[in-house]
Amino acid sequence: MNALLDSHCHLTGYQDPVAVLRQAADASVDVVAVTEDPGEYRLLRARLGRRPGVHPALGMHPLRAHSFTPADLARFLRMLSETDWIGEIGLDYSPAGRSTRRAQLRIFEAVLSDPRTGALPMTVHSRGAEKDALSRLAQTGATAAILHWYTGPLTLVDDALAAGLWFSVNPAMTTSAKGRALLDILPPDRVLLETDGPFARHGKRPARPVDLADVVAHLATRWALTPAHATQQLQSNQQRLLSST
């Protein structure tokens, strides 16, 4: 593994994914390339081949849950044996997903109920549905689950930590009031990195994996560490995450 890990990146959302990966490799950043459904995962794997430094993640995005058929779910479960990461999965009760709550719960619970899921790291969407997402992850003992771009109540953070869950931080979170409030209470040993690029922004442009150096610099200042020591902390976190599967 490279020095840092972008644990949540929508690689297929960029105009030139190969260029994004080349920049990431030059910056010693590995990329978890999340997908929204098994079809996208299969196409991404075919396109990338065995390219080093990128880990395609098998996903079932909650905002797509209403369109998934039993065959789609069965395909996802069959493909668990060929992936090293799961994502993007989860729940979304924001206005965009509130009407499909029942379908989302059905898919999320089916994914978590498969015993193979617990053996893989996963990146989890929880917007507006934090309480339900946390309770279901805690029930299944998914200690390699990462809460991606968490924006929920801070009162639930201790519950998430007690359940062994992780939090990933992107460039946009370091400049938002809600993101900074979360970082104020997160212990450094439970923090991972992400970009959520290209949907998250870094300044005036879409975030890219190479931007994680700026997140590290922000965390180093917040944690009163040198950038080198902050990097070491994040590397240790990454290793503990992967060793827990």
| query | Same cluster for V210 and L193 if Ile/Leu/Val/Met/Phe/Trp/Tyr side chains link at under 4.5 Å? | reply | no
| Full working for side chain to side chain donor-acceptor pair (under 3.5 Å) between E130 and S126 | CA-CA 5 Å; E130 294 83 10; S126 61; 4.6 Å; no
| query | In Å and rounded to the nearest 0.5 Å, what is the CZ to CZ distance from R42 to R75? | reply | 5.5 Å
| request: Treat each ILVMFWY residue as a node, draw an edge where side-chain heavy atoms are under 4.5 Å apart, and state whether V20 and V18 are in one component. | output: no
| Okay, side chain of R240, backbone of D189: is any donor-acceptor separation there less than 3.5 Å? | yes
| What distance separates L186 CG from W223 CH2, expressed to the nearest 0.5 Å? | 9.0 Å
| said: Can you confirm whether V54 sits close enough to L44 that some side-chain heavy atom of one is under 4.5 Å from a side-chain heavy atom of the other? | reply: no
| said: Determine whether a donor-acceptor pair (N or O, by modelled atom type, separation under 3.5 Å) exists between the side chain of R208 and the backbone of P198. | reply: no
| same_hphob_cluster(F76, L105) at 4.5 Å side-chain heavy-atom cutoff | yes
| In terms of hydrophobic clustering (I, L, V, M, F, W, Y; side-chain heavy atoms under 4.5 Å; direct or indirect links), are L63 and L73 co-clustered? | no
| task | Locate the shortest heavy-atom distance separating Y14 from G197; write the atom from each residue and the value. | result | OH-CA, 3.2 Å
| Between L183 and L219, is any pair of side-chain heavy atoms under 4.5 Å apart? | yes
| field | Distance (rounded to the nearest 0.5 Å) between R116 CZ and S113 OG | value | 10.0 Å
| message | Rounded at 0.5 Å granularity, tell me how far CG in L234 sits from CG in L241. | response | 12.0 Å
| Close side-chain approach of P56 and T83, heavy atoms under 4.5 Å | no
| field | Trace of the side chain to side chain contact (heavy atoms under 4.5 Å, CB included) decision for I86 with L80 | value | CA-CA 8 Å; I86 297 173; L80 281 173; 3.8 Å; yes
| With no hydrogens and no angle check, is any side-chain donor or acceptor of R47 less than 3.5 Å from a backbone partner on T12? | no
| query | Can you tell me how far the OG1 atom of T117 sits from the CE atom of M122, to the nearest 0.5 Å? | reply | 5.5 Å
| query | Does N170 reach the main-chain N or O of E194 with its side chain, forming a donor-acceptor pair under 3.5 Å? | reply | no
| field | Polar side-chain atom of D72 near backbone of T69 as donor-acceptor pair, under 3.5 Å | value | yes
| query | If only atom types and distance count, is the side chain of T175 paired as donor or acceptor with the main-chain N or O of A172 below 3.5 Å? | reply | yes
| request: Show the numbers, then the answer: is there a side chain to side chain contact (heavy atoms under 4.5 Å, CB included) between Q238 and L4? | output: CA-CA 8 Å; Q238 292 161 191; L4 296 173; 4.2 Å; yes
| note | For L21 and R51 the tightest heavy-atom approach is CD1-CD, 3.6 Å
| task | Measure up the H10 and H61 rings against each other and bin them: parallel (under 30°), tilted (30 to 60°), perpendicular (over 60°). | result | tilted
| Under a 4.0 Å N-O cut-off, is there an ion pair linking R22 with D16? | no
| query | Is there a side-chain contact between L5 and L192 (heavy atoms, below 4.5 Å)? | reply | no
| Would a distance-only check, ignoring hydrogens and angles, find a side-chain to backbone donor-acceptor pair under 3.5 Å from Q235 to A3? | yes
| message | What I want to find out is whether R64 reaches E88 closely enough, with some N-O distance under 4.0 Å, to be called a salt bridge. | response | no
| Exercise: identify the closest heavy-atom pair between V191 and W166 | N-CE3, 4.4 Å
| note | Separation between NE2 (H148) and CD1 (I89), nearest 0.5 Å, reads 11.5 Å
| query | Can you list the steps and then say if D132 with S135 is a side chain to side chain donor-acceptor pair (under 3.5 Å)? | reply | CA-CA 5 Å; D132 279 358; S135 67; 4.6 Å; no
| task | Grab the two heavy atoms, one from L58 and one from P38, that are nearest each other, plus how far apart they are. | result | CD1-CA, 4.0 Å
| message | Hydrogens and angles aside, do H55 and D84 bring a side-chain donor and acceptor to less than 3.5 Å of each other? | response | no
| request: Kindly check if the number of other-residue, nucleotide or ligand heavy atoms within 6.0 Å of CZ (R102) is above 12? | output: no
| Do E82 and Y41 have side chains that get closer than 4.5 Å, going by heavy atoms? | yes
| Counting N and O atoms only, with roles assigned by atom type, does the side chain of Y150 sit under 3.5 Å from a partner on the main chain of P153, one being a donor and the other an acceptor? | yes
| Are V169 and F199 grouped together when hydrophobic residues (ILVMFWY) are joined by side-chain heavy atoms under 4.5 angstrom apart? | no
| Check: T226 side chain, H229 main-chain N or O, donor-acceptor pair, under 3.5 Å | yes
| query | Does L147 reach the side chain of L137, with side-chain heavy atoms less than 4.5 Å apart? | reply | yes
| message | Do H8 and S168 pair up side chain to side chain, a donor and an acceptor below 3.5 Å, judged on atom types alone? | response | no
| request: Specify the closest pair of heavy atoms between A142 and L165, including all atoms of both residues, with the distance to one decimal. | output: O-CD2, 3.2 Å
| If every non-hydrogen atom of L77 is compared with every non-hydrogen atom of A110, which pair is closest and at what distance? | CD2-O, 4.2 Å
| said: Do F167 and L161 have side chains that approach each other closer than 4.5 Å (heavy atoms only, starting at C-beta)? | reply: yes
| Validation row: V215, D211 side chains within 4.5 angstrom (heavy atoms) | no
| query | Between T231 and P227, is there a donor-acceptor pair closer than 3.5 Å when you use the side chain of the first and the backbone of the second? | reply | yes
